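All figures in this text were calculated on a predicted structure; none of them were measured in a lab. What you see below is based on every heavy atom in this structure, not just the backbone, and it leaves out hydrogens, waters and symmetry mates. Per chain, numbering begins at 1; letters A, B, ... match sequence-line order.
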Amino acid sequence: MPLPKKPVIIVTGIPILGRDGKASDRVKFRRVIFLQQLGFSFGDRESLNLRYYDNDYHYNNSIMVSQLTKSSLQIANLEKLERIRHTCAHVMAMAVQVLFPETKVTIGPTTDTGFYYDFARQQPFTPEDLTKITKQMRLIIKANLPIIREEVDRDEIKAEIEQLEESYKLEILDSIPQGATITRYYIGSPDGGRLPDVGEKLKDALPEPSLIKPVKIPKSVSWWDLCAGPHVNYTGEINHQAFALESVAGAYWRGDETKAQLQRIYGTAWETPEQLEAYLQQKAEAKRRDHRRLGKELKLFSIQEDAGGGLVFWHPRGATMRYIIEDYWRKAHLDAGYELLYTPHVANLELWKTSGHFDFYRENMFDSMDIEEQAYQIKPMNCPFHVLAYQNDLHSYRELPLRFAELGTVYRYERSGVLHGLMRVRGFTQDDAHIFCLPAQIATEIVGVLNLTEKILSDFGFKDYEVNLSTRPDKSVGTDEGWELATQALVEALNNKGWEYIEDHGGGAFYGPKIDIKIKDAIGRTWQCSTIQVDFNLPERFDMEYVAADGSRQRPIMIHRAIFGSLERFYGILIENYAGDFPLWLAPIQIRLLPVSEEQREYAESVAANLKQAGYRVELDRTGERLGKQIRNAELEKIPVVAVVGQREVEHQTLSIRTRQQGDLGAMSLVELQENLDNAIANKANV
RNA sequence: GCUCUCGUGGCUUAGUGGCAAAGCACCUCCUUGGUAAGGAGGAGAUCACGGGUUCAAAUCCCGUCGAGAGCUCCA
């Protein structure tokens, strides 16, 4: 789908270029946010992945964007912000070397929200050090030093770097291809000393870090870094109130675990303090929605130290909601022509040798266990089991497509450091399905999957998607014709659905092309959940067959697909998306009855029984607290509807309803309440 | 796994060499109260675990375990 024929203005983001300044064949995606039309407010912005190569922005491999963007002011602003961030990284590196002269510099690129710089230094940077570095950076910014670009001779700069003993920079220099222009950027005049004198003194006798103070920067000094640029012209172009140092983290030199560990300081930088403030607020909002905190507060789930990391315990309220999600999922799949499977959690290791997982996926598998001298494996994937279920019978082409679906719990080894709440765990439930079909059925089946995906995701409140189509990589199995057929089927399905997508050229799995769908949450973050993959490999490995019309044995096509991806992770996304305020159909407790005093207890009990009988998830507050406290508790537990029962309600046989969204709604009859509830539940809405 | 930060009643946190504190939750009693905290009392901690330094360790040092952030962005 082409971009809308409206002016498109890029407001943030940056293309990634190859080392030679041009894009290589495969340029990484980078999010670019654009306004659809001049005059739209920033609330109307949308995001897309664009690529930049051959001096042009490319969207979906067409050259739609170039003429609209190249001359626009916003592009200039974009580049300016990028330059500010890059310069900010240099200013930070300079500040660090002023304060801690023993530190060696490495690289300092920009990020989506700011920049970082990796340093080599024995002593760790402390949070207090960050404060000192920030102060030093402000001094450098206030000195408004010029930033000067200089093209340099390789041998000359090499000698200079050697003299400074900047071993990492030397390595970088050596990695720059011969013939490329080598540049350095000065902060301050090249004629000055490299760093303030005090820095040189510090080099001899390092004081206690606690004694290190920001150093006033004279105009005459300079600092430089080997760098491709670009930068702003003066340090004063950085707003000294629009940047902040955020954290220190470990990072490996060249991102390689076997190489030296460096200290990375992350920072954020913006053009104005207001933008910084907005960014910090977004961060605070994300923290407010953190599913780990809400999961504990709302008593949904826990992860128990005694049991081990990455293993989830679902508590009654969390389990209730999970049950509702699973129940919904099963009905939706049965309606869409799937059949349900249950398969074991462990099986003979041979199965994973056949499937190839043991060769390709071993580092994510738990060790096998010995059962009567046979190796058994806890399952990291469901697919081989579904293949075995298929192979239990001989299938006719008339039976295809067969759609097997399972909420299959798998266990994968994840390194302890990457575990994260529900988002990254060691045991999780895939909403897995495998479609076995004829080659000619692929396109129809994919459309079916896309329709089901859209229905399910939108029922959970996710209506914005970002779609990727990943095509054949260099190393792959299967025939050219097979890939062509499958890829065309995916394209056809996407076009049929009318969905815009981004083609990730060569980004497919080795066994087939795929479609990935990312959902956008309430605060604009994207999460990849759904995936649809065509597989030529497993049918081959397991020698799967069906009997064709002419009686010959043919190989079926296998389509893997998941909509939630991981039920645990999707649940975590739901918590963050709704900030714990779930729509009525999902809320673990839908209604809580609050008696004003003991006298209404009997009436409240009978109302509660009625509602429960009618299928609502209802609870009666038996704490004996005053009404105000009962309401406060219900609000803190984010219960969507409370019904107050006092003397008045008993007399009139009504309930006073208060919802989380709308507050006090006044009295209504039980029938009226049920109508309202049913309405909200049917619309999958909040009340 | 690696780097840094952090582990104090069920929860959230204070205390950073000298008697283990507070709020919430829990239990008991009083209060029968009308839309976000009524009052009083009580119980509850081997300060993650193991070792060391010290007259004295929650606090300092070493180790172990666990949690959090980061380890994709490449002069």
Practice problem: Take atom P in B:rG33 and the same atom in B:rA69, then report the distance between them in whole Å. | Solution: 49 Å
Quiz item: Are A:Phe510 and A:Phe360 close enough that their ring centers fall under 6.0 Å?
Solution: yes
Quiz item: Do any side-chain nitrogens or oxygens of A:Arg264 fall under 4.0 Å of OP1 or OP2 in B:rC4?
Solution: no
Quiz item: Within the pair A:Lys629 and B:rA25, is there a side-chain N or O less than 4.0 Å away from OP1 or OP2?
Solution: yes
Quiz prompt | Polar contact flag, side-chain donor to acceptor under 3.5 angstrom, A:Tyr571-A:Arg569 | solution = no
Quiz item: When you compare B:rA25 with B:rA40, how far apart are their P atoms, in angstrom units rounded to a whole number?
Solution: 14 Å
Quiz prompt | Rounded distance in Å between the P positions of B:rU59 and B:rC47 | solution = 9 Å
Quiz item: With A:Tyr413, which residues qualify under ring-ring contact (aromatic ring centres under 6.0 Å, His included), at least two apart?
Solution: none
Quiz item: Looking only at side-chain N and O atoms, does A:His420 come under 4.0 Å of OP1 or OP2 in B:rG70?
Solution: no
Exercise. Please state the C1' separation for the pair B:rC27 and B:rC6 - nearest whole angstrom.
Key: 33 Å
Quiz item: Mind pulling the stems RNA chain B is in, i.e. runs of at least three Watson-Crick or G-U pairs, everything under 3.5 Å?
Solution: B:1-7 with B:65-71, B:10-13 with B:21-24, B:26-30 with B:38-42, B:48-52 with B:60-64
Quiz item: OP1 or OP2 of B:rC71 less than 4.0 angstrom from a side-chain nitrogen or oxygen of A:Tyr266, does that happen here?
Solution: yes
Practice problem: With C1' as the reference atom in both, quote the distance from B:rG42 to B:rU35 in angstrom, rounded to an integer. | Solution: 31 Å
Quiz item: Just checking, any donor-acceptor pair under 3.5 angstrom between side chains of A:Asp521 and A:Tyr578?
Solution: no
Quiz item: Starting at CZ of A:Arg415 and ending at C1' of B:rU3, how long is that distance when rounded to a whole Å?
Solution: 13 Å
Quiz item: Distance between the C1' atoms of B:rC11 and B:rC2, in whole angstroms?
Solution: 32 Å
Exercise. Starting from the 5' end of RNA chain B, give me the residue, A:Glu599 or A:Gln263, whose nearest nucleotide shows up first.
Key: A:Gln263
Practice problem: Step by step, work out the salt bridge (charged side-chain N to carboxylate O under 4.0 Å, His left out) result for A:Arg83 and A:Glu237. | Solution: CA-CA 10 Å; A:Arg83 285 202 299 270; A:Glu237 290 179 52; over 6 Å; no
Quiz item: When rounded to the nearest Å, what value does the distance between C1' atoms of B:rU12 and B:rG52 take?
Solution: 33 Å
Quiz item: Can you tell me if A:Glu150 and A:Trp224 form a side-chain donor-acceptor pair at under 3.5 Å?
Solution: no
Practice problem: Would you tell me if any nitrogen or oxygen in the side chain of A:Arg292 comes within less than 4.0 Å of OP1 or OP2 on B:rA69? | Solution: yes
Quiz item: Looking at the rings of A:Phe115 and A:Phe243, which for Trp means the six-membered one, are their centres under 6.0 Å apart?
Solution: no
Practice problem: Find which nucleotide of RNA chain B each of A:Thr623 and A:Gly646 is nearest to by heavy atoms, and output the residue with the more 5' nucleotide. | Solution: A:Thr623
Quiz item: Rounding to the closest angstrom, what is the interatomic distance between B:rG66 and B:rG50 at atom C1'?
Solution: 15 Å
